[in-house]
Amino acid sequence: MELLSGADMIARFLQDEGIEYIYGYPGGAALHIYDALFRQDKVKHILVRHEQAATHAADGYARASGKPGCVLVTSGPGATNAVTGIATAYMDSIPMVVLCGQVASHLIGEDAFQETDIVGVTRPIVKHSFSIRHPSEIPEVLKKAFYLAATGRPGPVVVDIPKDMTAPTERYEYIYPKKVKMRSYNPVTRGHTGQIKKAVEMILKAKRPVFYTGGGVVTGKASEGLTDLVKQLGYPITTTLMGIGSYPQSDRQCLGWLGMHGSYESNMAMHHADLIIAIGARFDDRVTNSTSKFCPTAKIIHVDVDPSSISKTVRADVPIVGPASSVINEMISLVQGHEIAHPEALTEWWEKIDGWRADREGKLYEPSKPGEVLKPQEVVEAVCRVTRGEAYVTTDVGQHQMFAAQYYKFDKPNRLITSGGLGTMGFGFPAAMGIKQNFPDDDVVCITGEGSFQMMMQELSTCKQYGVGVKIVNLNNASLGMVRQWQDLNYKSRHAHSYMESLPDFHMLIEAYGFTAITVNTLDELEPALERAFANKHELVFLDVKVDPHEHVYPMQVPLGAMRDMLLSKTERT
Amino acid sequence: MRHIISILLENEPGALSRVVGLFSQRNFNIETLNVAPTEDPSLSRLTVTTVGDDRVIEQITKHLNKLIDVVKLVDLTEGNHIERELMLVKVKALGAARDEVKRTVDIFRAQIVDVTPSLYTVQITGDAGKLDAFLQAMAPVGILEVARTGVSGIARGDKVLSL
Ligand SMILES: Cc1ncc(C[n+]2csc(CCOP(=O)(O)OP(=O)(O)O)c2C)c(N)n1
Ligand SMILES: [Mg+2]
């Protein structure tokens, strides 16, 4: 029998669970745990410079690898600093376990130094949370935490650990629990066969079908199956922002992504469809535009592992509760050997879609003229070329995020790493850091804006400490571009606090950390700078690319309209 | 429509706050809430009454089911059920009104459980409508204090809500 302190149990559990990296920041209530981590070398602790970055780094790692991320913070301010990152993971259903130190049990409720009711604070933004009440429960609670985080619809789990639970003097038996059972938690493992049959019948009979697939296909590791199914049927597919890459974007059947800034052909196809096959997507307001005008002629099949996502905003005609992968596989076997009922209708449908495509071809944006300020779109296209479309691309939030999603072409899932649900500025850089540490031989690029980057730029110091070679492409429009765009459109261009009067000299800033910075002003400087930046995989390089501050993101759905109601440029609308 | 949802909940610290928090977080409404342990000390039974159209009620039950601490639930209003609430009321009982109160208490099959020279404390059980009617009847006499438990309920017949 092995007797361990609570702190040593945590360290041992993380080893036994196969956790390689834990992101965190120490403080009084977590010090026993830090000491236990210090006395082992299997789990590597990465010291960030702000707890929010710890959560984003773990989140980025989780998104790229499909495995839960892990975070360790101290009580009070350490835990509250992690809140934004927990909410970010929650909104995008990312598996993550956050271990929070807490004041000793006898002090709880007394407004002790650095006491915060973090379970209370995070309650609406976690999948579940635990408070440790006895050191001996640590192995089981941690197992449950990882199990809950990673299964069903994934999400963050918070574990609150009062300091006395980890005291070195209190030792209890440690056994790694290989399995846990929870009577109140039984995630579905497959969809209802009758419903799936009904869905497949409708799919085969459809005349104007569209697949609409989301992050659930990515987190549910169902991309391959989805690709097979869609190819077999020959139907068009559009994905959500979170679903980008779940079907190869370079394939002709892929219409791009849909919604507020989605492609013209995606939104048009959705509006005119007679059948929408939604898988792992949640019909959120950035996709549907006005729900009352949403896809007026379409029947809806909705597959989701979370029943509460079904018929939440848009009524499903055929609801299927189940994991994307198993439902898709069942659909594939039912489709096999069957012909679609209306091949001529499908041909017509494709003609229509190709017409929409042709309408916008070459009109998406106006490239810069020689010597003029760059367009952000062409910068993203160049990044895509130089990295052969194979990089892990993280983004922050704003115009640059939309441009990154529009102009980088993703053929694989888990490659565009972006805060879709919460829209957290500051996410991109620490997320890139978390990814790069786990995929050191891949290109990891953070496409950011000067506003967002400044929210988490302290992590340059972490990158320096651990030699993290991410590339940062700062689409520097010297303004909070997305805010400015809305002010242009809705507030007669009154730019209330959307511009940055005192930007730092990014070049000097980056050099202060000992990294390379390259400033890019014109098109002829762009590709050489990118080639230089990506030449060495292990070196952090920052590209400060000056881009046109007057550019807007288009298409842009008209508020309160239907899917097809879009502004297409500053002067055109549908 | 008004619905009565009964929930078997893990008897864990914080479990109740997750349920209550869900209602405020998602803008659902709680009319009454009643909670106590069951014969199995690891489980509490919680009953909420709420108002909403079918879409809202569907979302409420789905989100409740998603809470890890919720073991099982039933919407009692979907079938025949018994609904009860207990109320304690202090009413003025002076002069002629004293007899009048006593008569009304008898009509409602309520009980006087405490007496002072100037007031009666009345205990009454029934569905929410009966309790409301009693309060209405007492209003002219003078209601001094009301304590209601909130609705509790159970399905009629063989159906049971258990593990
Ligand atoms: C933490 C946070 N605060 C505020 C916002 C609102 N917001 C959305 S986009 C944006 C501007 C972002 O500016 P920048 O990073 O420079 O990107 P750009 O739009 O200029 O490309 C703001 C303030 C947000 N999404 N996140
Ligand atoms: Mg900007």
Side-chain angles (χ1 to χ4, degrees), chain A residues 87 90 93 105 108-109 117-134 137 141 144-145 147-149 151-160 162 180-188 282-283 291 302 304-316 319 321, chain B residues 3 5-30 33 35 37-46 48 50 52-75 78 160-163:
Chain A
Y90 178 74
S93 308
S105 314
I108 289 178
D117 172 12
I118 198 62
V119 166
V121 169
T122 57
R123 200 202 56 233
I125 51 167
V126 294
K127 182 165 171 185
H128 195 57
S129 42
F130 296 94
S131 290
I132 304 283
R133 278 164 300 166
H134 194 275
E137 27 169 88
V141 168
K144 283 181 181 169
Y147 170 62
L148 286 173
T151 54
R153 179 176 182 175
V157 176
V158 164
V159 185
D160 195 37
V180 277
K181 248 189 92 72
M182 300 176 76
R183 62 178 171 186
S184 59
Y185 178 73
N186 300 295
V188 283
R282 60 187 177 90
F283 294 83
T291 47
H302 191 178
D304 206 289
V305 73
D306 175 5
S308 70
S309 282
I310 297 178
S311 298
K312 182 169 68 181
T313 59
V314 170
R315 188 100 219 149
V321 179
Chain B
H3 287 251
I5 299 171
S6 257
I7 302 165
L8 290 181
L9 191 67
E10 295 285 3
N11 196 357
E12 291 277 337
L16 178 62
S17 74
R18 291 182 210 272
V19 174
V20 176
L22 172 68
F23 276 78
S24 61
Q25 175 192 352
R26 301 222 173 241
N27 219 357
F28 302 143
N29 109 332
I30 297 186
L33 173 70
V35 54
T38 64
E39 83 290 358
D40 173 350
S42 73
L43 286 176
S44 305
R45 181 168 178 135
L46 183 146
V48 261
T50 181
D53 59 24
D54 289 352
R55 197 189 67 82
V56 171
I57 300 297
E58 180 181 325
Q59 280 295 310
I60 291 177
T61 53
K62 282 173 164 180
H63 280 290
L64 282 170
N65 265 316
K66 216 169 119 176
L67 292 177
I68 309 296
D69 284 332
V70 168
V71 186
K72 234 178 187 181
L73 67 80
V74 61
D75 180 351
E78 279 179 355
V160 287
L161 176 63
S162 68
L163 293 191

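Values below: every heavy atom of this structure, side chains too, minus hydrogens, waters and symmetry copies. Every chain is numbered from 1 and lettered A, B, ... according to where its sequence line falls, protein lines coming before strand lines.
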Exercise for the section: Specify which of B:Q25, B:R18, B:R55 makes the most heavy-atom pairs with chain A at under 4.5 Å. Expected result: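 The candidate making the most pairs under 4.5 Å is B:R18.
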Exercise for the section: Side chain from CB out, backbone as N, CA, C, O: work out which of these in A:S129 comes under 4.5 Å of a heavy atom of chain B, or both, or neither. Expected result: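 Both parts, heavy atoms under 4.5 Å.
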Exercise for the section: Could you tell me whether B:N27 atom CG has more than 12 heavy atoms of other residues or ligands within 6.0 Å of it? Expected result: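 Open: at most 12 neighbouring heavy atoms sit under 6.0 Å from CG of B:N27.
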Practice task
Could you check if a side-chain atom of A:D306 sits within less than 4.5 angstrom of a side-chain atom of B:K62, using non-hydrogen atoms only?
Solution key: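 No, every pair of side-chain atoms sits at 4.5 Å or beyond.
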Taking all non-hydrogen atoms of both residues into account, name the closest pair between [X] and [Y] and its distance.
X      : Y      : result
B:Q59  : A:I310 : NE2-O, 3.7 Å
B:S42  : A:R183 : OG-NH2, 2.9 Å
A:S184 : B:E10  : OG-OE2, 3.9 Å

Under the ring-ring contact (aromatic ring centres under 6.0 Å, His included) test, residues paired with [X] that sit two or more places apart:
X      : result
B:F28  : none
A:F283 : A:Y212, A:F294, A:H302
A:Y90  : none

Nearest-0.5 Å distance, [atom1] of residue [X] to [atom2] of residue [Y]:
X      : Y      : atom1 : atom2 : value
B:H63  : A:K312 : NE2   : NZ    : 5.5 Å
A:F130 : B:E12  : CZ    : CD    : 8.5 Å
B:D54  : A:S311 : CG    : OG    : 12.0 Å

Practice task
Could you list which of residues 152-160 of chain A have a heavy atom closer than 4.5 Å to any heavy atom of chain B, in residue-number order?
Solution key: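 Heavy-atom contacts from residues 152-160 of chain A to chain B are A:R153.
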Problem - Top contributor to chain B contacts, counting heavy-atom pairs under 4.5 Å, from A:K127, A:R315, A:M182 - result: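 Of the options given, most contacts go to A:R315.
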Exercise for the section: Sort B:L8 into side chain, backbone, both or neither according to what part of it lies under 4.5 angstrom from a heavy atom of chain A. Expected result: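 Neither part.
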